[in-house]
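Residue numbers count from 1 along this sequence. Because only heavy atoms are used, hydrogens play no part in the values below, and waters and symmetry mates are left out as well, while side chains stay in.
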Amino acid sequence: MALSNFTYSISWSDFTQVPARPQGQNEDAQIHPDISFSNFQLARNGRAATISGVDVNISLVSNDCWVVRAQMTNDLLTHEQGHYDIVALSAREFYNTLIGLSAASVHALQTKVTQLQTRFQTNATAVNSRYDTQTNHSRNTQKQQQWNTAITVEKQKLSGGIDNLPK
């Protein structure tokens with residue numbers, strides 16, 4: 001049971017190149033990382049149902065990743081990697097929370113998992129929004145560097161998470 005693709009390094013080949021921003025967009029690239037989970041292993045701890053193992057995978061929704069061809073810079077790619085890494089940090093927290101999670105029944109455990117998934121997705125979405133706002137989609141180089149450093153530090157910590165990223 002494992003967390004997959006936590007350290008994945010994105011490249012421009014992960015994006016569809018477009019000649020111009022899609023209508024209504026104010027950014028030069030978009031990435032869509034996704035978290036999925038499977039292969040739950042359940043155990044009993046007395047009468048409680050517990051999760052003893054699970055696979056959590058971080059992947060890209062390829063048809064929702066694009067970049068304006070003329071804007072393909074290393075700085076923009078680093079910014080998009082930040083979005084991926086925010087989701088990866090959230091996935092690691094989700095994984096660590098799932099292992100050992102218990103409830104009175106399998107049904108109650110499923111409910112807890114669904115609630116946790118929603119909480120982690122909502123939090124990751126909020127942090128990604130704050131990241132874009134503070135960095136102005138990579139254009140504020142000082143803020144971008146601050147975020148790059150913070151993300152790197154959190155990824156290196158075994159218990160690092162998105163709650164420790166810039167506010």
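Between the Thr135 side chain and the Asn140 main chain, no donor and acceptor come within less than 3.5 Å of each other. Here the side chain of Gln134 pairs no donor or acceptor atom with the backbone of Ser129 at under 3.5 angstrom. Judged purely by atom type and a 3.5 angstrom limit, Lys112 uses its side chain to pair as donor or acceptor with the backbone of Ser102. Here the side chain of Arg47 pairs no donor or acceptor atom with the backbone of Ala104 at under 3.5 angstrom. In this structure, Thr122 contributes its side chain and Thr118 its backbone to a donor-acceptor pair below 3.5 Å. In this structure, Glu154 contributes its side chain and Gly161 its backbone to a donor-acceptor pair below 3.5 Å.
Within the structure, every pair that satisfies the ring-ring contact (aromatic ring centres under 6.0 Å, His included) test and touches residues 56-82, not counting sequence neighbours, is listed here: His79-His83, His79-Tyr131.
Side-chain atoms of Lys143 and Gln146 include a donor-acceptor pair closer than 3.5 Å. A donor-acceptor contact closer than 3.5 angstrom is absent between the side chains of Asn57 and Asp34.
Heavy-atom contacts from other residues, nucleotides or ligands closer than 6.0 Å to CG of Asn74 number 12 or fewer.
The heavy-atom pair separating Ser105 from Ala108 by the smallest distance is OG-N, 3.0 Å. Annotation for Thr7 and Lys155: closest pair CA-NZ, 3.9 Å, computed over non-hydrogen atoms. Here the closest heavy-atom approach between residue Ser138 and residue Gln144 is recorded as CA-OE1, 3.3 Å. In this structure, Val67 and Met72 approach most closely via the heavy-atom pair CG2-CG, 3.6 Å. Summarising the geometry of Ile162 relative to Glu93, their closest heavy-atom pair is N-OE1, 3.2 Å, with the distance given to 0.1 Å. Here the closest heavy-atom approach between residue Arg92 and residue Gly160 is recorded as NH2-O, 3.0 Å.
Centroid-to-centroid, the aromatic rings of Phe37 and Phe94 come within less than 6.0 Å.
Residues Leu98 and Val106 share a single hydrophobic cluster, defined by chaining ILVMFWY side chains whose heavy atoms lie under 4.5 Å apart. Under a hydrophobic clustering in which Ile, Leu, Val, Met, Phe, Trp and Tyr are joined whenever their side-chain heavy atoms come within less than 4.5 Å, directly or via other members, Trp12 and Val18 fall into different clusters. Under the 4.5 Å side-chain heavy-atom criterion for Ile, Leu, Val, Met, Phe, Trp and Tyr, Val54 and Val87 are members of the same hydrophobic cluster.
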Carefully, step by step, assess Gln81 and Asp85 under the rule side-chain hydrogen bond (donor to acceptor under 3.5 Å, both in side chains). CA-CA 6 Å; Gln81 180 72 51; Asp85 290 342; 2.9 Å; yes
Stepwise side chain to side chain contact (heavy atoms under 4.5 Å, CB included) check, Leu109 with Leu42: CA-CA 10 Å; Leu109 190 57; Leu42 300 178; 3.7 Å; yes
Applying side-chain hydrogen bond (donor to acceptor under 3.5 Å, both in side chains) to Gln145 and Thr141, what does each step give before you reach the verdict? CA-CA 6 Å; Gln145 186 55 49; Thr141 56; over 6 Å; no
Before you tell me yes or no, could you show the steps for His137 and Asn26 under side chain to side chain contact (heavy atoms under 4.5 Å, CB included), namely the whole-Å CA-CA distance, both residues' side-chain angles and the distance that decides it to 0.1 Å? CA-CA 9 Å; His137 302 280; Asn26 66 346; 3.7 Å; yes
Run Asp64 and Gln30 through side-chain hydrogen bond (donor to acceptor under 3.5 Å, both in side chains) and show every step you take. CA-CA 7 Å; Asp64 201 22; Gln30 176 176 287; 2.7 Å; yes
Check the pair Leu3 / Ile58 against side chain to side chain contact (heavy atoms under 4.5 Å, CB included), numbers first and verdict last. CA-CA 8 Å; Leu3 173 65; Ile58 306 140; 4.1 Å; yes
Asn128 and Tyr84: CA distance, side-chain angles, deciding distance, side-chain hydrogen bond (donor to acceptor under 3.5 Å, both in side chains) verdict: CA-CA 9 Å; Asn128 267 310; Tyr84 182 93; over 6 Å; no
Should Phe15 and Leu60 be marked as a side chain to side chain contact (heavy atoms under 4.5 Å, CB included) after you check the CA-CA gap, both sets of side-chain angles, and the distance that decides it? CA-CA 10 Å; Phe15 294 76; Leu60 293 174; 5.9 Å; no
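Under the 4.5 Å side-chain criterion, counting only non-hydrogen atoms from C-beta, Asn164 is not in contact with Val153. Looking at heavy atoms from C-beta onward, Phe40 lies in side-chain contact with Val113 at the 4.5 angstrom threshold.
Residues satisfying the side-chain hydrogen bond (donor to acceptor under 3.5 Å, both in side chains) criterion with Gln25, sequence neighbours excluded, are absent altogether.
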